Number of protein chains: 2
Amino acid sequence: MQKESTTTPELMLENQLCFTIYACSREFTKLYQPHLDKIGLTYSQYLVMLVLWERQQCTVKELGEALFLDSGTLTPLLKRLQAAGLILRERSLQDERKVLISLTPQGLALRHDAMGIPGKMAEGTMLSPVEFIDLLGQFKNLLNRVHEANVSNSKS
Amino acid sequence: MQKESTTTPELMLENQLCFTIYACSREFTKLYQPHLDKIGLTYSQYLVMLVLWERQQCTVKELGEALFLDSGTLTPLLKRLQAAGLILRERSLQDERKVLISLTPQGLALRHDAMGIPGKMAEGTMLSPVEFIDLLGQFKNLLNRVHEANVSNSKS
DNA sequence: TTAAATTTAGTTGTGTACAATACAATTTGA
DNA sequence: TCAAATTGTATTGTACACAACTAAATTTAA
């Protein structure tokens with residue numbers, strides 16, 4: 001006795017790993033939103049700030065490599081962060097193709113306002129530290145595999 | 001001897017579960033793209049078609065519930081699928097607030113062209129069936145938790 | 001050296017995402 | 001029963017994502 005279906009199991013939404021990840025990503029963004037609203041950042045802008053809080057200064061290319069984003073996404077986003085007074089954008093004197101991104105004092109200061117956010121997220125998902133580490137490891141492994149597959153696709 | 005850092009571990013990009021998921025989601029979309037290009041669909045449109053191949057007909061609201069998307073996203077996407085001749089959009093006669101989405105013969109036929117895609121994705125990620133099932137279960141569990149957190153946020 | 005190839009950002013165009021709002025159809029409650 | 005609340009979809013505005021392309025600066029190789 002089979003369940004009536006007009007499609008094959010491989011094409012069913014509930015069996016799609018990619019859809020689960022895609023939906024999960026958007027639900028996470030929603031979970032961040034009220035906290036990011038308080039400090040005036042979008043989720044993507046928050047990720048850029050995380051990189052800058054670690055590195056003080058980097059190029060657009062380095063940001064793109066860290067975040068898996070290209071210049072078509074980053075350029076307008078960085079202009080908005082500049083307009084908000086959080087970052088500086090200046091051409092490198094050594095190599096004028098490069099644009100150096102750095103924090104303003106306000107951008108640096110915003111880190112203190114952001115420090116509570118990871119804790120709030122952990123609360124929201126109710127993951128134990130062990131579960132968190134375990135999931136993070138599995139996702140990173142999967143990310144590496146899919147990224148490698150894309151890299152080898154783009155080479156051929 | 002501590003590693004020099006200007007930020008706290010909680011705010012480091014490599015420790016963000018959400019970022020790993022977000023990047024993973026976009027890398028998966030890239031992995032689909034060459035295959036979806038062949039059948040003329042975007043990734044989001046492919047997800048809508050998956051639902052319709054299962055259900056034949058549903059309302060915009062039901063699509064949104066299945067995909068975690070709202071009408072602001074679905075309405076223009078559905079108009080493009082209609083323009084491509086893959087679906088029909090018609091007001092319900094019983095309740096004129098509802099818009100019924102159904103497949104055209106071309107939309108139904110496209111399923112045959114899509115059937116090879118899940119296999120190509122499995123190849124790309126090089127996951128064994130056991131790994132696949134295991135990951136899918138874990139991510140579904142996480143999706144449920146985050147979704148529940150958002151639902152209870154929106155109620156308060 | 002100097003023309004060709006490469007690197008790095010920026011621009012343009014298409015397609016999502018989603019909050020906020022609008023509006024018409026339906027349901028509910030005094 | 002009929003005004004108020006709810007429901008379902010569409011519209012508007014902002015902000016990504018990314019492919020394809022442009023342009024300028026740098027590197028390379030003959």
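Quick caveat: nothing in here was measured; it's all calculated off a predicted structure. Below, chain A is the first sequence line, B the second, and so on; all start at residue 1.
With a cutoff of under 4.0 Å to any heavy atom of chain B, the contacted region of DNA chain C is bounded 5' to 3' by dG15(C) to dT26(C).
Comparing Lys61(A) and Phe68(B) by the nucleotide of DNA chain C whose heavy atom lies nearest to each, the residue mapping closer to the 5' end is Lys61(A).
Spacing between atom CG of Asp37(B) and atom P of dC18(D) amounts to 14 Å, rounded to whole angstrom units. When rounded to the nearest whole Å, the span between CD of Glu65(B) and P of dT7(D) equals 12 Å. Atom-to-atom, CG of Leu100(B) to P of dG8(D) comes out at 13 Å; the value is rounded to the nearest Å. Atom OH in Tyr32(A) sits roughly 19 Å away from atom C1' in dA15(D) (whole-Å rounding). To the nearest angstrom, P of dT14(D) lies 15 Å from CD of Gln33(A).
Residues passing the ring-ring contact (aromatic ring centres under 6.0 Å, His included) test with Phe28(B), sequence neighbours excluded: none.
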If you look only at distance, which donor and acceptor atoms sit under 3.5 Å apart when one is on a side chain in residues 70-82 of chain B and the other is two or more places apart or in another chain?
residue  : atom : partner  : partner atom : Å
Asp70(B) : OD1  : Gly72(B) : N            : 3.1
Asp70(B) : OD1  : Thr73(B) : N            : 3.2
Asp70(B) : OD1  : Thr73(B) : OG1          : 3.4
Thr75(B) : OG1  : Ser71(B) : O            : 3.0
Gln82(B) : OE1  : Arg89(B) : NH1          : 3.2

Hey, can you pull the donor-acceptor pairs under 3.5 Å for the side chains in residues 34-45 of chain B, sequence neighbours left out?
residue  : atom : partner  : partner atom : Å
Thr42(B) : OG1  : Gln45(B) : N            : 3.1
Tyr43(B) : OH   : Phe19(A) : N            : 3.4
Gln45(B) : OE1  : Thr42(B) : N            : 3.1

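Shown here for Pro118(B) and Leu11(A), the closest heavy-atom pair between the two residues is CG-CD2, 3.7 Å. Across every non-hydrogen atom of Lys140(B) and Thr20(A), the tightest pair is N-CG2, 3.6 Å. Taking all atoms of both residues into account, the shortest heavy-atom contact from Ala66(A) to Arg55(A) is CB-NH2, 3.8 Å. Taking every heavy atom of both residues into account, Cys58(A) and Val51(A) meet most closely at SG-CG1, 4.4 Å.
Here CD1 of Ile21(B) is found 11.5 Å from CD of Glu27(A). Values are rounded to the nearest 0.5 Å. Leu103(B) CG to Gln57(B) CD: the interatomic distance, rounded to the nearest 0.5 Å, is 10.0 Å.
Contacts between residues 69-99 of chain B and DNA chain C, counted as heavy-atom distances below 4.0 Å, involve Leu69(B), Asp70(B), Gly72(B), Thr73(B), Leu77(B), Arg80(B), Gln94(B), Asp95(B), Glu96(B), Arg97(B). Contacts with DNA chain C (heavy atom under 4.0 Å) in residues 17-28 of chain A: Tyr22(A), Arg26(A), listed by number.
The pair Glu131(B)-Arg145(A) meets the salt-bridge criterion, with a side-chain N (NZ, NE, NH1 or NH2) lying under 4.0 Å from an Asp/Glu carboxylate O.
Residues Leu67(A) and Leu13(B) form a side-chain contact, since some pair of their non-hydrogen atoms from C-beta on lies under 4.5 Å apart.
Counting any heavy atom pair closer than 4.0 Å across all strands shown, Thr59(B) reaches sugar-phosphate atoms only and no base atom.
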